[in-house]
Amino acid sequence: MAPRAYWKGTLKLSLVSCPVVLYPATTAAEKTRFHMINRETGNRLKQQMVDAETGDVVESDQKGRGYELRKGKYVEIEPEELEAVQIESNHTIDIESFVPSDEIDQRYLNHPYYIAPEGKAAIDAFAVIRDAMKDQERVALAKIVLTNREHIIAIEPLGKGLLGTTLRFPYELRDEDQFFDDIKSPKITRDMVELAGHILHTKAAHFDPSKFKDEYEIALKALMKRKASGKTIELPEPEERPSNVVSLMDALKQSLKGRGGKKTVAKSHARRATGRRQAANKAHRARARHRKAG
């Protein structure tokens with residue numbers, strides 16, 4: 001049984017439109033969650049809002065929203081005043097453009113949603129839009145209103161349906177220069193880069209999320225099971241930190257050991273040596289021909 005739809009509306013491409021529903025593509029339902037409890041009674045605790053200055057508990061009818069103008073100074077905003085800036089939702093995803101998928105900076109990707117047709121009457125139009133996008137190998141960009149805010153959503157084919165991913169706005173991204181400007185540019189030898197390349201080659205694989213294991217979650221569930229059965233929880237011994245490796249080249253060479261790295265490096269050096277010999281022989285023959293011609 002499919003979960004309840006998060007959003008219902010119409011997907012529109014020019015004059016072609018069809019009713020669709022959105023479902024969140026992610027869930028945290030399987031993650032282990034904790035509740036705050038009273039150690040003495042074992043009862044669950046509930047949170048209360050407290051005035052930061054007086055320490056008094058604030059009842060629900062006294063709660064309001066305020067925007068901080070400066071430290072400790074707020075302007076109160078009434079709910080009806082917020083309605084003045086709320087975007088009126090027409091429950092339509094109106095496709096505005098199509099862009100190559102590789103042009104979308106992955107930092108802009110936010111929340112994914114599954115988009116499916118609503119009702120049998122919508123299937124034909126939905127399939128036309130989906131299959132046209134498959135043929136063009138492009139991603140649709142559209143606007144959608146979710147929770148009273150307007151979002152840009154990128155839409156692409158996914159199996160029999162569509163995947164819609166809301167995008168962040170530019171002001172939500174931090175400028176990478178403030179984090180990367182201080183990174184120095186050391187002189188790295190070609191041999192070091194090639195050794196690192198060989199390490200990468202030994203670890204080459206294909207993207208397969210089924211191999212991802214949340215080891216912490218697995219261990220957490222096991223711990224909860226042991227605790228619930230009355231068993232004691234033994235703390236593990238602290239791990240010894242590895243000693244600092246002085247030589248980067250030594251570290252690269254050590255990383256290749258046991259992975260067929262020596263053979264790979266030897267073959268690489270042999271190829272380079274063969275290439276140098278071939279180049280030298282070619283140059284020698286060219287000089288010989290030049291002397292003979294003279």
Side-chain angles (χ1 to χ4, degrees), residues 2-12 17 19-97 104-116 118 140-155 163-181:
R4 185 177 178 182
Y6 179 74
W7 183 93
K8 292 184 178 183
T10 303
L11 176 64
K12 188 176 179 182
S17 62
V20 294
V21 288
L22 263 68
Y23 301 99
T26 61
T27 177
E30 297 300 318
K31 282 190 174 292
T32 300
R33 295 179 179 274
F34 294 99
H35 297 288
M36 299 300 293
I37 63 171
N38 184 335
R39 286 179 179 271
E40 294 184 0
T41 64
N43 298 329
R44 184 174 172 179
L45 302 178
K46 65 177 183 179
Q47 292 183 325
Q48 291 181 310
M49 302 298 287
V50 177
D51 189 298
E53 296 297 327
T54 66
D56 296 333
V57 175
V58 179
E59 301 300 332
S60 58
D61 60 346
Q62 296 175 298
K63 297 175 186 176
R65 294 185 181 185
Y67 176 77
E68 190 172 24
L69 297 173
R70 57 182 181 276
K71 187 66 175 178
K73 181 64 175 178
Y74 299 88
V75 57
E76 185 177 350
I77 303 295
E78 298 295 339
E80 55 270 19
E81 292 174 324
L82 283 175
E83 293 178 4
V85 294
Q86 286 181 354
I87 305 294
E88 183 179 353
S89 174
N90 56 9
H91 285 275
T92 300
I93 304 174
D94 198 348
I95 297 175
E96 298 183 347
S97 62
I104 299 179
D105 188 330
Q106 293 194 19
R107 293 174 296 176
Y108 284 88
L109 301 179
N110 199 358
H111 297 298
Y113 295 91
Y114 295 136
I115 303 177
E118 184 182 27
L141 295 182
K143 288 183 178 180
I144 185 173
V145 176
L146 300 172
T147 60
N148 297 323
R149 278 185 175 268
E150 188 175 68
H151 301 267
I152 305 299
I153 188 168
I155 305 170
L163 175 68
T165 306
T166 54
L167 303 180
R168 296 181 176 91
F169 289 100
Y171 71 83
E172 295 180 276
L173 285 184
R174 291 174 171 171
D175 185 356
E176 71 271 16
D177 289 344
Q178 62 180 306
F179 305 100
F180 299 159
D181 270 356

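Just so we're clear, the structure is a prediction, and the values are computed from it rather than from any experiment.
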Check your understanding: Going from CD on Gln47 to CE on Met36, what distance comes out if it is rounded to the nearest 0.5 angstrom?
Key -> 8.5 Å

**Study point:** Separation of Met49 CE from Lys63 NZ (nearest 0.5 Å)
**Key:** 5.5 Å

Check your understanding: Which atom names give the shortest non-hydrogen contact between Lys12 and Thr92, and what distance separates them?
Key -> CB-CG2, 4.1 Å

Point to revise | Tyr114/Leu163 under side-chain contact (heavy atoms from CB on, under 4.5 Å): CA gap, chis, key distance, verdict | key: CA-CA 5 Å; Tyr114 295 136; Leu163 175 68; 4.2 Å; yes

**Study point:** Closest contact, heavy atoms only, Asn110 versus Thr165
**Key:** N-CG2, 3.8 Å

Check your understanding: How about Leu167 and Leu109: do any of their side-chain heavy atoms sit closer than 4.5 Å?
Key -> yes

Check your understanding: Which atom names give the shortest non-hydrogen contact between Glu68 and Gly72, and what distance separates them?
Key -> OE2-N, 3.1 Å

Study note, to complete from the structure: Rounding to 0.5 Å, atoms CD (Glu78) and CZ (Arg65) come to a distance of 11.0 Å

Review point. Which pair of heavy atoms, one from Ile93 and one from Val20, lies closest together, and at what distance?
Key: CD1-CG2, 4.4 Å

Practice item. Just jot down the side-chain contact (heavy atoms from CB on, under 4.5 Å) partners of Phe34, sequence neighbours excluded, or say none. Key: Thr32, Leu220, Met224

Review point. Roughly how far apart are Leu11 CG and Ile115 CD1, rounded to 0.5 Å?
Key: 6.5 Å

Check your understanding: What pairs with His91 under ring-ring contact (aromatic ring centres under 6.0 Å, His included), at least two apart in sequence or on another chain?
Key -> Trp7

Exercise for review: Would you mind reporting whether Glu96 and Leu141 have side-chain heavy atoms less than 4.5 Å apart?
Suggested key: no

Check your understanding: Parallel, tilted or perpendicular for Tyr171 and Phe169, by the 30°/60° rule?
Key -> parallel

**Study point:** Heavy-atom closest pair, residues Arg107 and Arg168
**Key:** O-NH1, 3.0 Å

I'd like a table of donor-acceptor pairs (distance under 3.5 Å, sequence neighbours excluded) in which one partner is a side-chain atom from residues 142-154, with atom names and distances.
none

